[in-house]
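Only one structure is covered here, and it is reproduced in the block below.
This structure is a prediction, so every number in the text was calculated from the model and none was measured. Side chains included, hydrogens not; waters and symmetry mates left out as well; all remaining heavy atoms used.
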Amino acid sequence: MADVPLGPFEGSLITVYSAKSKGASLHVERQCGRLRTSDVSIVDVPLEATTLRRLCSRCAAWGVGGRPTTGLGMFLRALGGTGLLYQLQSYTEPDEDECWTDEEARDAAVLLRAGQSLDGDDDEEAEGGASVRDAREDAEHLWGLVFSHWRGAGRSLYRAQAVLAHFPWLEEWAKPSLAAKLRYLETLRAQAARFANPEELVIAAGATTLRMPELPCAAPVFAVLGGNSRVSAALVDLWRRWQNAAGRPWEGPKARAYLSYEIVRGIRSNRNGCDAARAEAARLIESWEERARAAAKSADRAPTRRLTAHVPEASDITPRHDGRDFLEGLDGWTLGVLVTWTVDADWRSRVLTLEVPDLVAERLLGPASDLPCSPVDGAADLPERDRGPGSQPGTVRPGIFDDTPVFDRRPVTHDHIRALRRLVPGADQLYLVFSASGGAEVLPLDTIERRLAKGWLGVLIAGARDLPASVIGLEEPESSPGPEARDVQRPDPGRRVHDPHFGAGLGLAEGGRETFRHTYGTEDRDLNLRLLALARGAHDLRSLDTDRPGGLPVAVWHGLLTQDHLDFAPFRPSSSDRWRSGSGLPLGPLAAVQLYTTNADPLIEGKGHSPLCRHAHERAVVAGDDLLTVADLMARTDFDWCSKCGGYALRRLTDSQLSFYRAAHRLHRIERRLDGKSEVPDTDASTMIADLEELAAWQPVDEEQWCGSDSWQWQDIIRELRRKVARSHAVTGPGEPAS
């Protein structure tokens with residue numbers, strides 16, 4: 001690893017751990033098993049060759065320095081593990097454990113193409129004393145081994161070149177290894193081509209392009225099958241089975257001949273006419289075989305055609321155990337075509353150039369083909385070759401993902417986002433971005449990609465992992481409050497409104513605890529709390545919907561929204577109803593508080609549910625949900641809400657909103673006591689006057705001034721309550737004349 005050119009990342013600082021001794025090995029992980037001491041030194045050192053030489057072998061091979069979503073972290077991650085260094089050393093020569101000679105591959109191909117069946121003479125001894133059956137099994141095993149290695153070599157070469165595309169300063173250094181991989185890949189392709197019979201591949205292509213012939217549905221020999229409709233259905237099924245089997249040349253004509261038994265399946269073998277129907281079906285199959293061979297023979301006179309084939313890409317984010325591999329989803333016929341007629345290959349862009357017979361081209365270009373192909377006319381239409389470093393917009397360099405000063409950031413491109421997804425499969429889903437058109441915004445990666453496709457110009461400021469832990473407070477949140485504390489948190493006018501925990505369940509702090517409680521994986525808790533902090537910066541939570549799996553975890557949505565509802569008693573107008581009468585307080589900062597529901601329109605069928613309601617499958621907020629404000633909710637009475645969740649989820653209150661909510665309930669309690677509507681024992685006048693003085697001086701936490709009609713209305717109500725206190729207790733409040 002010490003020989004790897006570091007390019008623009010040379011000199012970048014990385015954090016290393018080591019024992020406190022001269023010449024001790026460096027480690028990039030504190031938990032490295034080879035760091036066997038509790039007295040650990042933690043230092044930041046420049047990334048250079050001398051530093052890499054001092055890394056312990058395990059950290060050099062698997063360790064990743066720097067945060068994974070930064071340019072430096074992406075570079076080191078792309079080198080280590082099963083990344084570039086591993087791929088450059090793989091598939092450069094035959095494997096010592098699974099090694100075969102070219103002669104062995106040739107003999108195995110000859111044996112399999114001889115078309116010997118597994119009948120009685122399979123137990124006869126072949127050359128060397130083994131039975132024919134054993135020889136065929138060994139040949140089939142080698143056949144699968146050669147194809148598996150060819151696919152693995154192609155995948156390894158593609159992955160190596162895909163990494164080099166993002167770090168072009170490595171290309172000259174990697175050329176010798178890439179040349180060795182290309183030579184071995186061509187050797188494997190030539191060996192795999194021995195097992196593919198070009199003639200059978202063309203016949204298979206001809207069979208799939210044949211139209212259904214006129215079937216002898218009225219032939220008396222098929223009367224044993226039943227009526228005309230059953231005979232017709234059986235013959236159509238036989239044709240389709242044969243055409244499907246004929247498209248798989250590995251099975252051979254003998255295997256397809258057994259399809260004649262399918263037509264008499266379910267009929268007793270000793271029934272009159274059963275053998276005759278099967279024999280006639282066999283003659284039909286042989287006639288179809290002749291048509292396919294004739295089509296292939298006539299196509300031999302047609303000129304070959306040149307196609308470009310786009311090889312499907314194996315997903316890097318798919319777990320290994322699901323069996324997905326390079327060239328996944330391609331059938332045996334298509335793989336045979338690739339190893340037989342490939343004349344040029346650009347594995348970096350996964351484009352192969354094929355020179356194929358006309359019938360093969362017709363099948364590859366057809367709608368049923370598993371391999372996307374297109375015709376080309378000469379080399380001018382071939383894929384663009386490697387571009388220079390200056391013309392590669394996807395090059396990962398400092399200043400795109402790193403913690404460089406914002407004014408040094410380079411505009412992000414669509415290729416940069418693709419590089420992020422490729423090199424860091426678990427990349428952050430939310431980013432704080434800046435653009436001249438939209439200012440600072442919090443956007444999902446999918447939204448950034450869509451904007452870039454439309455010409456958006458902006459920079460990435462920070463992802464979730466970039467947020468400072470000292471501000472977020474990633475230490476374990478306070479434990480869940482007990483039952484008594486929860487009762488205090490619930491809004492209940494006239495009771496405990498002075499308690500510091502009153503209404504706390506609606507606030508941001510409780511949101512962090514909810515996210516913590518709903519996160520079951522310990523390793524995910526820090527990330528979820530960071531995502532929660534970043535998502536709170538989104539003006540409309542519907543913009544966080546990515547319209548595909550992999551969005552924000554449900555635990556984060558529990559931190560953004562609350563199922564608890566506000567108690568609107570202080571804000572209702574005064575009335576003669578003792579239990580429903582309010583104080584007519586202004587909504588103030590609460591007016592713009594958002595709430596989200598699945599349906600806010602009574603004319604649309606279906607009740608409105610909270611996005612976290614079990615009736616909505618706890619799917620969180622999506623783009624199609626409705627957004628209302630508290631002011632909208634207070635102005636309407638025609639909503640059709642779910643009785644379980646109340647119909648909506650409330651966006652958690654900021655500190656100013658929660659402070660105003662508590663102040664409003666305190667003022668409402670005083671008003672109810674003065675009007676004799678409260679069951680709480682009376683309070684002396686001096687205490688109420690002190691409370692009113694404190695409420696009159698209330699100001700939002702994050703604003704310097706609270707002005708406008710809401711502030712005037714708030715002060716008018718307090719002045720009126722002061723006069724009521726003076727009248728009811730014959731006490732003159734400070735600054736107020738007795739009336």
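Taken to the nearest 0.5 Å, the NE2 atom of His166 stands 12.0 Å off from the CD atom of Gln161. If you take CZ on Arg363 and OG1 on Thr334, they are separated by 6.0 Å, rounding to the nearest 0.5 Å. For the atom pair CG of Leu185 and CZ of Arg155, the computed distance is 12.0 Å after rounding to the nearest 0.5 Å. Between the CG atom in Asn197 and the OG1 atom in Thr340 there is a gap of 8.5 Å [rounded to 0.5 Å]. Between atom CG of residue Leu420 and atom CG of residue Leu445 there is a gap of 6.0 Å, rounded to the nearest 0.5 Å. Note that CD of Gln87 is 11.5 Å distant from OH of Tyr158, once rounded to the nearest 0.5 Å.
Scanning all heavy atoms of the two residues, the minimum distance from Leu365 to Pro375 falls at CD2-CD, 4.0 Å. Closest of all the heavy-atom pairs between Phe222 and Pro216 is CD1-O, 3.6 Å. Nearest heavy atoms, Leu201 versus Val337: CD1-N, 4.1 Å. Closest non-hydrogen pair, Arg291 versus Pro213, comes out as NH1-CB, 3.2 Å.
Side-chain atoms of Thr342 come within 3.5 Å of backbone atoms of Leu338 as a donor-acceptor pair (strictly under, hydrogens ignored). Checking side-chain atoms of Thr308 against main-chain N and O of Ser374 turns up a donor-acceptor pair under 3.5 Å. In this structure, His416 contributes its side chain and Thr413 its backbone to a donor-acceptor pair below 3.5 Å. Between the Asn528 side chain and the Thr519 main chain, no donor and acceptor come within less than 3.5 Å of each other. At least one donor-acceptor pair closer than 3.5 Å links the side chain of Thr209 to the backbone N or O of Ala205. Judged by distance alone, with hydrogens and angles left aside, the side-chain atoms of His149 form a donor-acceptor pair with the main-chain N or O of Leu145 at under 3.5 Å. Between the side chain of Ser298 and the main chain of Ala294, a donor-acceptor pair closer than 3.5 Å is present. Remark: the backbone N or O of Leu85 is paired with a side-chain donor or acceptor of Gln89 at under 3.5 angstrom. Between the side chain of Gln243 and the backbone N or O of Ala207 there is at least one donor-acceptor pair closer than 3.5 Å. For Thr598 (side chain) and His609 (main-chain N/O), a donor-acceptor pair under 3.5 Å exists by modelled atom type.
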Inset, instruction - I would like to know whether Arg450 and Thr447 meet side chain to side chain donor-acceptor pair (under 3.5 Å); could you show each step before the answer? - result: CA-CA 5 Å; Arg450 288 194 294 269; Thr447 303; 3.3 Å; yes
Inset, instruction - Start with the C-alpha gap between Val339 and Phe147, add the side-chain angles, then the distance that decides, and say whether side-chain contact (heavy atoms from CB on, under 4.5 Å) holds. - result: CA-CA 9 Å; Val339 298; Phe147 266 86; 4.1 Å; yes
Inset, instruction - Give the intermediate values and the outcome of salt bridge (charged side-chain N to carboxylate O under 4.0 Å, His left out) for residues Arg106 and Glu103. - result: CA-CA 5 Å; Arg106 180 194 59 200; Glu103 290 75 16; 5.3 Å; no
Legend entry - Derivation and outcome, side-chain contact (heavy atoms from CB on, under 4.5 Å), residues Leu364 and Trp341: CA-CA 12 Å; Leu364 287 174; Trp341 287 297; over 6 Å; no
Inset, instruction - Take Leu612 and Cys645, measure what side-chain contact (heavy atoms from CB on, under 4.5 Å) needs, and give me the verdict at the end. - result: CA-CA 8 Å; Leu612 300 177; Cys645 67; over 6 Å; no
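Ring geometry for Trp150 versus Trp347: interplanar angle over 60°, hence perpendicular rather than tilted (30 to 60°).
Using a 4.0 Å cut-off between a side-chain N of Lys or Arg and a carboxylate O of Asp or Glu, Asp415 and Arg418 qualify as a salt bridge. Of the charged side-chain nitrogens involved, at least one lies within less than 4.0 Å of a carboxylate oxygen, so that Arg293 and Glu286 count as a salt-bridged pair. The pair Asp446-Arg421 counts as a salt bridge, with a side-chain nitrogen and a carboxylate oxygen less than 4.0 angstrom apart. Salt bridge status for Arg189 with Glu186: present, with a side-chain N to carboxylate O gap under 4.0 Å. Contact check on Arg265 versus Glu262 returns a salt bridge, with a Lys/Arg side-chain nitrogen under 4.0 Å from an Asp/Glu carboxylate oxygen.
Between Pro611 and Asp625, the closest side-chain pair of non-hydrogen atoms falls below 4.5 Å.
Among residue pairs with one or both ends in residues 269-303, those qualifying as ring-ring contact (aromatic ring centres under 6.0 Å, His included) are Trp239-Trp288, Trp242-Trp288; sequence neighbours excluded.
Within a 6.0 Å radius of CG in Asn244, other residues, nucleotides and ligands contribute more than 12 heavy atoms. Within 6.0 Å of NE2 in His141 there are 12 or fewer heavy atoms belonging to other residues, nucleotides or ligands. The local environment of CD in Glu605 is sparse, with at most 12 non-hydrogen atoms from other residues, nucleotides or ligands closer than 6.0 Å.
Every salt bridge (Lys or Arg N to Asp or Glu O under 4.0 Å) that Asp237 has, sequence neighbours left out, goes to Arg241.
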